[in-house]
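Chain letters run A, B, ... following the sequence lines, proteins first and then strands; every chain starts at 1.
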There are 2 protein chains.
Amino acid sequence: MDAISQQQLNQFRQQAAAYIEFNEAEWIIFIQHLSIKQYRKKEHFTVPGEVCKTIGFVLSGSVRYYHLIDGKDITNYFSFENDYVSSYKSFLTGEPCISYIQALEPTTILTISKKNWDAMLNNPMLAYKIERFGRLLAEYYLICYEDRVTSFITQTPEERYLKLLESGKDIIRRMPQHYIANFLGITPVSLSRIKRRILV
Amino acid sequence: MDAISQQQLNQFRQQAAAYIEFNEAEWIIFIQHLSIKQYRKKEHFTVPGEVCKTIGFVLSGSVRYYHLIDGKDITNYFSFENDYVSSYKSFLTGEPCISYIQALEPTTILTISKKNWDAMLNNPMLAYKIERFGRLLAEYYLICYEDRVTSFITQTPEERYLKLLESGKDIIRRMPQHYIANFLGITPVSLSRIKRRILV
DNA sequence: CCAATTTCTTATCTTAAGATAACGTTTTCA
DNA sequence: TGAAAACGTTATCTTAAGATAAGAAATTGG
C-alpha cells in the first residue's frame with residue numbers, strides 16, 4: 001500500500017467537489033479511508049466470480065470493462081482519469097462480479113474499500129455527506145446508462161458511432177477500434193464498414 | 001389534487017421500507033410533501049421539451065416510456081405498481097425531457113414535486129434520510145440500466161427475449177408485443193419471427 | 001353490439017450485420 | 001532488433017433484421 005501524495009488528494013478533491021465539499025475536519029477523517037493502488041498494464045481491478053470490494057477513482061491511466069462470452073472478449077465500458085471505476089452492482093449488492101475490469105496502461109487508482117465505505121456511512125461525522133456523495137455519483141452514472149440504453153433503442157449502429165465521434169473524444173482517440181465496436185454493440189468488422197460508408 | 005388515503009400511504013411506506021424507514025415524526029413531515037394524481041388511459045406524465053418536475057410512485061396501473069423518432073413510436077421502458085416513475089435525467093438536471101411517459105390504463109401515482117424534493121433535502125429533519133433514499137433509489141435503477149446495457153452488448157435479440165421470458169413476467173404478460181419488441185431493441189415483425197424460431 | 005382500431009403474423013424484398021479468413025501494417029516486448 | 005502478437009481493412013458467404021404491405025384476429029369504445 002503506497003502513500004497518497006498531496007497532489008493526488010488534491011486531484012480527487014477538486015473533481016469530487018462537483019458532488020461534495022468537505023470541511024477540513026471531515027476531510028481529515030475522510031482521507032483516512034482512502035488507499036491507492038498502482039495497476040500494471042493488463043492487470044485486473046475485478047474478475048468475474050469475485051465480489052468487487054472496492055470503488056475507485058482513476059488518478060491516471062485508463063481501464064476497460066469487458067466480458068468473456070464463449071471465449072470472446074467483449075468490451076463494455078471505459079474509465080479514464082477523473083472517472084470512477086467499480087463493478088457497481090457487485091460493490092453495492094455484494095454479489096460476485098460478472099465482468100472483468102482491466103488496466104489498459106499503467107494506471108493509478110485511488111480506492112475506497114467496501115468496508116471503509118460502510119464505515120463512513122455509519123460514522124456520524126461523515127454519514128450525511130457520504131450519503132449525498134453516493135447519491136450524486138449514482139445519479140450521474142444512472143443518467144449515463146439511461147442515455148446509453150436510449151441510444152440502443154432509438155439509434156442505428158451508424159448513428160451511435162456518429163454520436164460517439166462528437167461526444168466521445170477520449171474513447172475515439174485513445175481506444176483501439178475493436179473495443180469501440182464492442183462498446184457500440186457491433187463487431188469490429190462492422191465498424192470498419194460503417195467508417196467506409198461514412199467517408200463516401 | 002385528491003386526498004391521499006391511509007391505505008395508499010401504507011402501500012408506499014411498505015415498499016419504500018426496502019430503502020428507508022421513517023420514524024413517526026419524520027413520516028408526518030414527509031407525507032406533507034406528497035401529492036397524488038390520477039391518470040386516464042393514454043394521459044401523459046411527461047412530454048418531450050418540458051422539464052419533468054416530478055418523481056412518482058405507481059400505486060396502481062402502469063406506464064410506458066416512449067420516443068417519437070421520425071414519427072415512429074418507440075417504447076423504451078415500463079413501470080408497474082410499486083415501481084417509481086420519472087424522467088430521471090430531466091428531474092435531476094432540470095433539462096427538458098426527451099421522452100414521453102404515458103399511462104397505459106387508469107393509473108394512480110403518488111408524486112413528489114422537484115420543489116418538495118429539494119425542500120426535503122434542505123430540511124434538517126429529513127435531509128439525511130432523503131439523501132439516503134435518493135441514493136438507494138438511484139443505485140437500484142443504476143443496476144437495472146447497467147444490466148440492460150450489458151444485455152445489448154453481449155446478447156442477441158433472441159437471447160434478450162428468452163431472458164425476458166424468465167425474468168420479465170410483468171412485461172410479457174401485460175404489454176403488447178410491439179412494445180416489448182421496441183424494449184428489446186428490435187422491430188415487432190422481428191420479434192414475431194423470433195417467437196416462431198423458438199417454437200421449432 | 002358493431003364499426004373502427006389495434007395487434008399480430010406472414011410474405012416479399014432489401015439492407016446490413018455476423019462469421020470467417022486473408023493480408024498488410026503497426027505495435028509489443030523478450 | 002526481430003519474431004510474435006495485435007490491429008484494421010477487405011472480401012466472401014450466411015444469416016437475420018428492417019421496411020413495407022396485406023390480411024386475420026382481437027380489442028376497443030361509442
Side-chain angles (χ1 to χ4, degrees), chain A residues 39-43 61-62 64 66-75 78 100 102-107 151-162 164-165 171-200, chain B residues 39-43 61-62 64 66-75 78 100 102-107 151-162 164-165 171-200:
Chain A
Y39 288 83
R40 290 183 301 279
K41 185 172 180 173
K42 295 194 180 176
E43 195 177 350
S62 57
R64 74 179 176 114
Y66 71 98
H67 295 256
L68 282 185
I69 308 283
D70 303 330
K72 272 183 200 148
D73 175 323
I74 310 283
T75 297
F78 310 98
Y100 295 88
Q102 180 190 53
L104 291 169
E105 54 193 305
T107 295
S151 78
F152 280 111
I153 295 287
T154 64
Q155 296 187 301
T156 63
E158 183 167 326
E159 288 166 338
R160 290 201 291 279
Y161 177 64
L162 288 169
L164 193 66
L165 282 179
I171 292 174
I172 294 288
R173 268 202 289 264
R174 293 170 58 179
M175 292 297 134
Q177 194 167 303
H178 62 295
Y179 292 168
I180 296 174
N182 294 159
F183 175 76
L184 294 170
I186 59 179
T187 60
V189 175
S190 187
L191 179 54
S192 189
R193 287 188 288 228
I194 285 171
K195 283 175 68 178
R196 189 173 39 157
R197 276 209 303 272
I198 290 173
L199 285 181
V200 181
Chain B
Y39 289 82
R40 291 184 300 278
K41 184 172 181 174
K42 297 195 179 173
E43 195 176 350
S62 57
R64 75 179 176 114
Y66 70 98
H67 296 255
L68 281 186
I69 309 282
D70 303 329
K72 273 183 199 148
D73 175 324
I74 309 283
T75 296
F78 310 99
Y100 295 89
Q102 179 189 54
L104 291 169
E105 54 192 305
T107 295
S151 78
F152 280 111
I153 296 287
T154 63
Q155 296 187 302
T156 63
E158 183 168 326
E159 288 168 337
R160 291 202 291 279
Y161 177 65
L162 288 169
L164 193 67
L165 282 179
I171 292 174
I172 294 289
R173 268 201 289 263
R174 294 169 58 179
M175 292 297 134
Q177 194 168 303
H178 61 296
Y179 292 168
I180 297 174
N182 294 161
F183 175 75
L184 293 170
I186 58 180
T187 60
V189 175
S190 186
L191 179 54
S192 189
R193 287 187 287 228
I194 285 171
K195 283 174 67 178
R196 189 173 38 160
R197 277 209 303 272
I198 290 172
L199 285 180
V200 180

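- Heavy atoms of B:Ser192 sit under 4.0 angstrom from at least one base atom.
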Distances under 3.5 Å between protein N/O atoms and the N/O atoms of nucleotides 1-7 of chain D, please, pair by pair.
| unit_1 | atom_1 | unit_2 | atom_2 | d |
| --- | --- | --- | --- | --- |
| D:dC7 | OP2 | A:His178 | NE2 | 2.9 |

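- Between B:Arg197 atom CZ and C:dT9 atom P the separation is 13 Å, expressed in whole Å.
- No donor-acceptor contact under 3.5 Å links the side chain of A:Arg193 to the base of D:dG8.
- Whole-Å rounding puts the B:Lys41 NZ to C:dT6 P distance at 10 Å.
- Not one side-chain nitrogen or oxygen of B:Thr187 sits closer than 4.0 Å to the OP1 or OP2 atom of D:dA17.
- A donor-acceptor contact shorter than 3.5 Å is absent between the side chain of A:Gln102 and the backbone of A:Arg64.
- For the pair A:Ile186 and B:Met175, both in contact range of DNA chain C, the more 5′-proximal nearest nucleotide belongs to B:Met175.
- Rounded to a whole Å, the CG atom of B:Leu199 is 9 Å from the P atom of C:dT9.
- Considering only side-chain N and O atoms, B:Lys195 lies under 4.0 angstrom from the phosphate OP1 or OP2 of C:dT9.
- Residue A:Arg196 places none of its side-chain N or O atoms closer than 4.0 Å to OP1 or OP2 of D:dT9.
- At whole-Å resolution of the value, CD1 in B:Ile153 and P in C:dG18 are 11 Å apart.
- Across the protein-nucleic acid pair, B:Glu159 atom CD and D:dA16 atom P stand 12 Å apart, rounded to whole Å.
- Under 4.0 angstrom from either OP1 or OP2 of C:dG18 there lies at least one side-chain N or O belonging to A:Ser190.
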